[in-house]
Structures are given as C-alpha cells and as structure tokens.
Amino acid sequence: MSAPGHRDPSQGWLVFFFVCFAMVVFGIGIFAKFTYDVNAPEVTAGGGGH
C-alpha cells in the first residue's frame, strides 16, 4: 500500500525557465551570427572631455 506519486509543480516551472533561457541564448547567438561584422573599422576615440 504505497501512496500515489507526488507531482511537484515547481519542477514544471524550472523546466519552463530553462527552455526559455536556452531559446533566448540561442536567439542572441543567431542574431549575432548574422549581424556582427568582424572586419568593421575601429571607431576612433573621442577627444576632449572636460
């Protein structure tokens, strides 16, 4: 006579968080792959200041 299995709802939220996190990181990587220009000219530092 064992008790029925316990289902913890926080486990579902944890999986949901990690899936969303992975999708965001993957999306940033895809965005950077297509928009980052390795051969872009360097920006000269602005002079002046105070």
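Please read these numbers as outputs of a predicted model, since none were measured by experiment. Hydrogens, waters and symmetry mates play no part in the numbers below; they use all other heavy atoms, side chains included.
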Ignoring hydrogens and angles, write down the donor-acceptor pairs under 3.5 Å from the side chains of residues 36-45, residues two or more places apart or on other chains.
| residue | atom | partner | partner atom | Å |
| --- | --- | --- | --- | --- |
| D37 | OD1 | N39 | N | 3.2 |

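Checked against side chain to side chain contact (heavy atoms under 4.5 Å, CB included), F16 has the following partners two or more places apart in sequence or in another chain: W13, C20. When the ring pair (Phe, Tyr, Trp, His ring centres under 6.0 Å) test is applied to F26, no partner is found at least two apart in sequence or on another chain. Applying the side chain to side chain donor-acceptor pair (under 3.5 Å) criterion to T35, with sequence neighbours excluded, gives no partner residue. Residues that satisfy the side chain to side chain contact (heavy atoms under 4.5 Å, CB included) test with V24, not counting sequence neighbours, are I28. V25 meets the side chain to side chain contact (heavy atoms under 4.5 Å, CB included) test with F21; sequence neighbours excluded.
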